[in-house]
Protein chains: 4
Amino acid sequence: MSLNSFGHLFRVATWGESHGPALGATVDGCPPGVAIDADTLQHWLDLRKPGQNKYTTQRREADEVEILSGVFEGRTTGTPVQLMIRNTDQRSKDYGDIAEKFRPGHADITYWQKYGIRDYRGGGRSSARETAARVAAGGLARAALDHLAPGVEIKGYMTQMGPHGIDRDRFDWDQIDQNPFWTPDAKAAEDWSAYLDELRKSGNSVGAIIEVVARGVPAGLGAPIYGKLDTDLASAMMSINAVKGVEIGEGMNAACLTGEDNADEIFMGNDGQPVYSSNHAGGILGGISTGQDIVVRFAVKPTSSILRPRQTITKSGTATEIVTKGRHDPCVGIRAVPVGEAMMACVILDHLLLHRGQIGDAGGKIG
Amino acid sequence: MSLNSFGHLFRVATWGESHGPALGATVDGCPPGVAIDADTLQHWLDLRKPGQNKYTTQRREADEVEILSGVFEGRTTGTPVQLMIRNTDQRSKDYGDIAEKFRPGHADITYWQKYGIRDYRGGGRSSARETAARVAAGGLARAALDHLAPGVEIKGYMTQMGPHGIDRDRFDWDQIDQNPFWTPDAKAAEDWSAYLDELRKSGNSVGAIIEVVARGVPAGLGAPIYGKLDTDLASAMMSINAVKGVEIGEGMNAACLTGEDNADEIFMGNDGQPVYSSNHAGGILGGISTGQDIVVRFAVKPTSSILRPRQTITKSGTATEIVTKGRHDPCVGIRAVPVGEAMMACVILDHLLLHRGQIGDAGGKIG
Amino acid sequence: MSLNSFGHLFRVATWGESHGPALGATVDGCPPGVAIDADTLQHWLDLRKPGQNKYTTQRREADEVEILSGVFEGRTTGTPVQLMIRNTDQRSKDYGDIAEKFRPGHADITYWQKYGIRDYRGGGRSSARETAARVAAGGLARAALDHLAPGVEIKGYMTQMGPHGIDRDRFDWDQIDQNPFWTPDAKAAEDWSAYLDELRKSGNSVGAIIEVVARGVPAGLGAPIYGKLDTDLASAMMSINAVKGVEIGEGMNAACLTGEDNADEIFMGNDGQPVYSSNHAGGILGGISTGQDIVVRFAVKPTSSILRPRQTITKSGTATEIVTKGRHDPCVGIRAVPVGEAMMACVILDHLLLHRGQIGDAGGKIG
Amino acid sequence: MSLNSFGHLFRVATWGESHGPALGATVDGCPPGVAIDADTLQHWLDLRKPGQNKYTTQRREADEVEILSGVFEGRTTGTPVQLMIRNTDQRSKDYGDIAEKFRPGHADITYWQKYGIRDYRGGGRSSARETAARVAAGGLARAALDHLAPGVEIKGYMTQMGPHGIDRDRFDWDQIDQNPFWTPDAKAAEDWSAYLDELRKSGNSVGAIIEVVARGVPAGLGAPIYGKLDTDLASAMMSINAVKGVEIGEGMNAACLTGEDNADEIFMGNDGQPVYSSNHAGGILGGISTGQDIVVRFAVKPTSSILRPRQTITKSGTATEIVTKGRHDPCVGIRAVPVGEAMMACVILDHLLLHRGQIGDAGGKIG
C-alpha cells in the first residue's frame, strides 16, 4: 500500500520535492513490447513545462526526462520503468519567508501539523511540480494505449476561468492547441487573456475548470463496486494539487434533472454497436464504460501563493501578514490541462489491463 | 487488491446482490476493544431502510444485521467483523422484463457488456441495496471513532432536490432529523414534499445534492499524494450508486474565485489552536485535515428506473420501449444521506489509524 | 490492504472464529461464467472435515457451505462470492481452562499481547478451523482453473510424519486417496498408522511434511520481483496454521548442491516445447513457471494442544501447569493436505489472471 | 498493487536492471524525523558490494547511493525516499552469448516465455544486482528502527555451505564479522575457504544456508491471518534471488518433533515479562512475535552461471552447449547475508508501524 502511488495493474508512484535534486515516477506494470523513448515523453512534458508564456510561473525548468530502467532497445520489458527529472532552477532563497509563516490556502500548515518537519522550499512535496512526474507517466500510458487499443484519444481543455465560461456553441477541437489556455473557444481565449493579464498584474490569481475527454474507449472497462471507472477517475483528478471538485458527465447538475430528462436512450448503430441519444452519463454506467466519450471535469482553485497581503500566523503562533513573492502561476489551472490528460490516460490503460485480466474475452455481445 | 473493498487500514469489503439470499460487509482492521452490538448497527440501518415513507421504494426489508465474527463479549477483537443482512422481500417477478431489455441510465447494459452474464433481478450487484452493507460498516466505524477520538461528529443532509436548493440562511441543525428529506431547511422540506409527490405520481424521478460534514476531526489526517483525505473522500462518495459529482469545500465554485477571496486566513484561537476566517477549503489543505469542519458534497442523479416510457434495445439488439415497473425511489438521493455519512465515518477512521501508524506522535505543534 | 486476505486479482478474504456462529471466505475477482455449485465445493470440504477417522479431531462439523452471492443460475457473475459455513458443534465448555492459561506453542499468549482481548474459545481466530474457508475458496479456484486452463491438476500428499519419511521408490499416485494420511507410499501409511495410534493414546502429537504438486501449469506465470510465483506460494503456505518451513523444488537441500548438479539442463521436446533433464527448480525459475511440475513442500509442527502436562503461566503471570483437554488432531498435518492444495489452486489461478492482464499474448515463443 | 514492491506501511519498491544506467529503491511510508544520510546507507551497501574478495564476483561497482528525495536537513520528512545507485562497471560484451542461449537454472528462459522481450545483459532485472536496492532500503529501515524501537538488533550469518554446516557449539557472535563468509564458526570459515577455492577454480559453484536473527523485537507484532510476521518473512526471503526454502525457528525439522518436545514452556522472567524454556517457535506464535529472538533461515541455490559446460537450447529451439563466462559469485549465498538482514529490518519496521496503526496501545499486559 504505497500512498504515493495510484493504479491497480498499471501502477504509478511518484517521488520528489520541488527543490530537491530530482523528482520522478516509478511505473510498475507497464505491458512489455511498448515502443517508447525519452523524446516521446518529452513531448508531453513540454506542454506542462513552466515558463513558456506570461500566464505561467517564470521558473525555468528544462524538465528533461531520463528513462533509467524498464526499457531495452526502445521497447518496454515489463519491468518497472523509472522516469527521472532533475530539478535545475531551484531558487530556494525566494522561499525563506515561508519557512516560518504558513501561507493561507496552502499545505504549509497541515504538512507541519502532520509530519512535524517539512521541506518548505517551494512547497516541497506539496508543490505542483510533482505533476511533472504524472505527465511523464501519462506519456508512457499513452504509448501503451496506442499499442494495445489504437484509436483511444485523450484530450483536455479549459472550460472556465474565474467567472468566465466558454460558449459550447463555439466549441472547436482544432482551436484547443492554438491558445495558451487550451480552450476550444477562441473568443474565450481572447477574453481570458485580457482578464488574466490584469489579474496577474494586481498580484492576484484565479481558479479554472478543466474538462478531459477520452474517445474510443471500448465498452466494459471499470471494476465495480470500489474500482469503478468513475471512482478511480474521481480519485485521480482529486489527487491533483488544488482540485476541489470532480464531475462525470452531467456532474453536479445531475441533481437538477428528472429521470426522464437524464436518460440516455439506447439505439442500435449502423455498425451493430449500441448508440445513445445523449451522454448525460459521461460514458459511464454503473462504473463501467459504455463506449461513448468518457467526460470528466474538475475545478482547480486559485493559486494560494499571491502577492496580495493576507493574515496568517507563524510556527510559533504569532499573528503576522504574508505576501508570497517568488514565481507563481496566476492561474494554475492552465498547466493542469496536460496533467488531467495524463491521469485519464493512466486510468484508462489501467482498466484496460484489469479488464483483460479479470474478464478476458468473456464479455457480452449485443445482437 | 479487492475491487469490492475500500480503505487502507480500516478496510470494508461488501458482497451480495439485490435478490440473492443475503448481502453484507466484511470489515477488516477494526481496532480491538470497541464496544459494539447488532442493536447499535441497526439504528443506522433503520435510517436507510426502504419503505419508511412514500418518498422511498416500497420494498419492505427488515434489514436486520447479524454480527457473525470479530466480536466477543460485546467488544471487537481485532479480527474481521462479518456483518450479514438477509434479503427477505425479493419480488423477482417484478423484474422479468429487464432480463432482456436494458434500462437507459442503468448499469444493465454495461454489466452485460463487461461480464457476459448478469443477475438482472433488481439490478443484482449494481442495485443501491448494496449500500445497506456500507451503512452497517459505517455504524462500526462510528463506534470505533467514539472509542478512539470521542468528539468527532458526522452529519449528512440534503441541500438540493431537482432545481430546488436550500436557503443557507434558514440552516438549522435540529431540523435535519425532523423531515423525510434530512434537510436543515424546514421550508425546503415542505416545498420538496409537494414537488416530489407530484413527480412520483407522474412516474418520474429527480436528482439531489447531499452534503456531509465531519466535525471535531483532528488536524493532520490524510496521506498525500494519492491517499489524500479529499482523494479518498472523492473516491468513497463517487463509488455510491448514481453519484456523478463530488465537491470538497468550495467545490466546483472554486473555479470562480480569486486567490484573494479563496484564502482562508489564519489566526490563533483562544485555546492555542489555529482558527480560520472562513472554510473555502472544506477542512482540507494539501490533502490533510486542518481541524476545521470537513465538508463534502455529492450529486445523485435521478433514479433510472421510471414509469415513463423510454427507447432502448434488447440483448439481441432489437429496438424496443421500456417502462420500469417495480418498487423504486422517486428520489434515490434521500436514502443516500445515511450512506454518505457512513462513507465519511469509514474514511475518517481509516485515516486516523493510518496517521497513528505512519506518524504516531511526531506531528508538529504550533506556538 | 486487507490483512485477512491474499491474492492479487483472485482475492480471498477469510473471516470467522472457531466457536462463533459461522466462518467463511469472501472471494473477489473470480472470473465470470465459471460453473459452480455448493455440491462441488462440498466435495473438497469433506476431505478436510474433522471427525472422519481416529487420526483427526473428534469435533463433528458438517462443514456445509452456502453460496450467498456472486453466482447466478449456476455460474459466477464476476461479483464477490461469499462462501459461508455455520459452526454447529461448538463445545465451548471444553475450553474454560484456556481462558486464563496460555498453552505453550499456541497463539494464546501472543493474541493476548497483541490485541488485549481474545476469543479463547477453541483458539478463536487462530484455530485451524479457519482453513475450512480456504478449502471452500480453493474449490472455487479449481473450478475457475478448469474453465480457463483445463489440464491443470493439483495434488497434495504427506511425505513425512515425525521421524518417518516416505520411500520415493514406492511413490504411487493412485495410493494417495487410499489411506487416511494421503500418502503415496502404502508401506508408510501402514507404519504411520501404528505410530500415530500409539502417540495419540499417549496424549502426544507429531509434525508432518506435506508436498503439493501442480501439473500442466503453463510456462510464464509469476510476477517478479515481489509477486514471484514462489514468493506467493511461500507466503500462502506459511500462512497456514502451524507451518514452520516452505520449500520449492530442491528446497533447503539446494544449499548442499553444486551449480553443476543443480542445473536442470534444457532440451527440445517432441511437441516443440522445452523439456528439462530434471526439476531441481520445482518448476519455477526467476519466480516464473517453466511449464514443469510446480513442487512445494511445507512442514507442519506438532499440534500444541496436548494431553501431556506442560509448564506455563496465567494471564496474571502466575506459574501453572496445563493439560489441554478437548478434541484435537494428533497430527494436524493430515488435514493440512487439502488446505495446501487449496492454497496452490488459488495462487495458480491468481497468477493466470495476473499474467493475462499484464502480458496478454505478448509472451515469447521458442523455436 | 505494485508487484515490484513489498511491505504494508513501510513500502519498498525496487527498480532497475543489471546493466541499465541505474537501479534503486523508492521507499514510501518511512516515518518522519528519522536521522539519515548517504554515508549511513553506504555502510550497509559496502557489505554487499561485489569484488571485495576472491569469493565474490569480480565486477567492480562503487555502489554509491544517492538520496534524491524525502530527506531534508538530515531527517526524513515522511514523503517518499528515492535511493539511486548508478551502474558503472557494465561489461555488456561479456554477455553476448546469452542473448540467444538460455542458461540452465537461470531466469533467461522464463523471462523470455513470459515477456517476449528481455534485457539479457547480466540477467537484466533477474540479476542479484537488484538486491543492492534492498540493502539501501534496509539501511533506512534500520535507522527508523533505531528511532522508534531502540534496542532491536538484526544479524545474519551463514550456517551451511554445500555439504558443510557449522557446529553450533562453536557459535561465536564476535566471529561473524571476522571472516568473508559471515559465519559464527571460525573453524567452518577456514574449511569453507579451502573448499570454495577449489570449487571456484573448477568453474563450479555451490549453495548455502543463511540465518537471520532479530533481537529485542517487542511481543505483539504480526497481523494474522495473511499478514502474519512469519508469512511476510517467508515472502520477503523467498523473493531474494536463488532462494529455494525458508524456515522459521525449528523449520522443516518441526515435522520430526512431538508436541511435547516442540512446546516452548512459559515462565515469568525477573523483569515481569514472560520467558520461554526454548525457542522452537523462532519467536513467532500464531504469526505474532513473542518477544524472543526471531529466527529465519533460508537456502540459496548454487549460482547458475558456471564455467562447466551444460546442455541447453537457443531461442530458436536449437540444441547447444553453454559455458557462462563473465564475472560470477562461486557462492552467491555469501552476499545474500546483508540482503537477508535488510529484508528482516524492513519487515520488522513495517509490522511495528502496522501494529501502532491498528492496535495503538490496546495490547494486553501479563501479570
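Chain letters run A, B, ... following the sequence lines, proteins first, then strands; residues in each count from 1.
- D:Ile225 touches chain C through backbone and side chain together, each having a heavy atom under 4.5 Å away.
- Contact of D:Ile210 with chain C is not made at all, since no heavy-atom distance falls under 4.5 Å.
- Options D:Ala362, D:Pro163, D:Ala263 differ in how many heavy-atom pairs under 4.5 Å they form with chain C, and the most are formed by D:Ala362.
- A donor-acceptor pair is defined here as one N or O able to donate and one able to accept, closer than 3.5 Å; such a pair exists between the side chain of D:Glu265 and the backbone of C:Gln311.
- Contact annotation for C:His164: neither backbone nor side-chain heavy atoms come within less than 4.5 Å of a heavy atom of chain D.
- Using a 4.5 Å cut-off between heavy atoms, D:Thr303 contacts chain C through its backbone alone, with no side-chain atom that close.
- Contact check for D:Lys114 versus C:Ser289: no side-chain heavy atoms found under the 4.5 Å cut-off.
- Looking at C:Phe298, only its backbone comes within 4.5 Å of chain D, counting heavy atoms on both sides.
- The residue among D:Ser126, D:Gly282, D:Gly116, D:Gly162 with the most heavy atom pairs within less than 4.5 Å of chain C is D:Gly162.
- Contact tally against chain D (heavy-atom pairs below 4.5 Å) for C:Gly317, C:Gly220, C:Ala299, C:Ala255: the top residue is C:Ala255.
- When side chains are defined from C-beta on, D:Leu3 does not count as touching C:Tyr226, because their heavy atoms never get closer than 4.5 Å.
- The shortest side-chain heavy-atom distance between D:Thr258 and C:Arg308 does not fall under the 4.5 Å cut-off.
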Exercise for the section: Let me see the working for C:Tyr276 and D:Ile109 under side chain to side chain contact (heavy atoms under 4.5 Å, CB included), right down to the final yes or no. Expected result: CA-CA 12 Å; C:Tyr276 295 81; D:Ile109 190 168; 3.5 Å; yes
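- Contact annotation: the side chain of D:Gln113 approaches that of C:Ile366 to within less than 4.5 Å [non-hydrogen atoms, C-beta and beyond].
- Between D:Lys244 and C:Glu250, no side-chain nitrogen of the basic residue sits less than 4.0 Å from a carboxylate oxygen of the acidic one, so the salt-bridge criterion is not met.
- Within a 6.0 Å sphere centred on CD of C:Glu198, other residues, nucleotides and ligands contribute 12 heavy atoms or fewer.
- Two residues are said to be in side-chain contact when any heavy atoms from C-beta on lie closer than 4.5 Å; D:Pro274 and C:Phe102 fail this criterion.
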Exercise for the section: Decide yes or no on side chain to side chain contact (heavy atoms under 4.5 Å, CB included) for D:Glu260 and C:Arg310, but give the supporting numbers first. Expected result: CA-CA 8 Å; D:Glu260 191 170 14; C:Arg310 300 276 80 191; 3.7 Å; yes
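- Every residue two or more places apart in sequence or in another chain that forms a salt bridge (Lys or Arg N to Asp or Glu O under 4.0 Å) with C:Glu130 is listed here: C:Arg134.
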Review item, side-chain donor-acceptor pairs of residues 227-237 of chain D, under 3.5 Å, at least two apart:
residue: D:Lys228; atom: NZ; partner: C:Ser239; partner atom: O; Å: 2.8
residue: D:Asp232; atom: OD2; partner: D:His8; partner atom: NE2; Å: 2.7
residue: D:Asp232; atom: OD2; partner: D:His351; partner atom: NE2; Å: 2.8

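- For chain D, the nearby parts of C:Arg125 are the backbone and the side chain; heavy atoms of each come within less than 4.5 Å.
- At least one donor-acceptor pair closer than 3.5 Å links the side chain of D:Asn204 to the backbone N or O of C:Gly259.
- Chosen from C:Gly286, C:Ala223, C:Pro104, the residue pairing most often with chain D at heavy-atom distances under 4.5 Å is C:Pro104.
- C:Thr314 touches chain D through its backbone: at least one of N, CA, C or O sits under 4.5 Å from a heavy atom, while the side chain does not.
- Between the D:Asn262 side chain and the C:Pro302 main chain, no donor and acceptor come within less than 3.5 Å of each other.
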Exercise for the section: Would you please test D:Ile248 and C:Met238 for side chain to side chain contact (heavy atoms under 4.5 Å, CB included) and show each step? Expected result: CA-CA 9 Å; D:Ile248 307 291; C:Met238 193 63 93; 3.5 Å; yes
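- For a residue to count as touching a neighbouring chain, one of its non-hydrogen atoms must lie under 4.5 Å from one of that chain's; by this rule C:Ala281 touches chain D with backbone and side chain alike.
- Distance check, rounded to the nearest 0.5 Å: SG of C:Cys256 to CD1 of D:Ile209 gives 6.0 Å.
- We find the CG-CE distance between C:Asn253 and D:Met252 to be 11.0 Å, quoted to the nearest 0.5 Å.
- Proximity to chain C involves both the backbone and the side chain of D:Thr312, based on heavy atoms less than 4.5 angstrom apart.
- Using a 4.5 Å cut-off between heavy atoms, C:Leu221 contacts chain D through its backbone alone, with no side-chain atom that close.
- Between chain C and the options D:Ala254, D:Ala107, D:Gly203, heavy-atom pairs under 4.5 Å are most frequent for D:Ala254.
- Only the side chain of C:Ile306 comes within contact range of chain D, with heavy atoms under 4.5 Å apart.
- Heavy-atom contacts from other residues, nucleotides or ligands closer than 6.0 Å to CG of C:Asp361 number 12 or fewer.
- Using a 4.5 Å cut-off between heavy atoms, D:Ile359 touches chain C through its side chain atoms alone.
- Within the 4.5 angstrom heavy-atom criterion, no atom of D:Ile322 approaches chain C.
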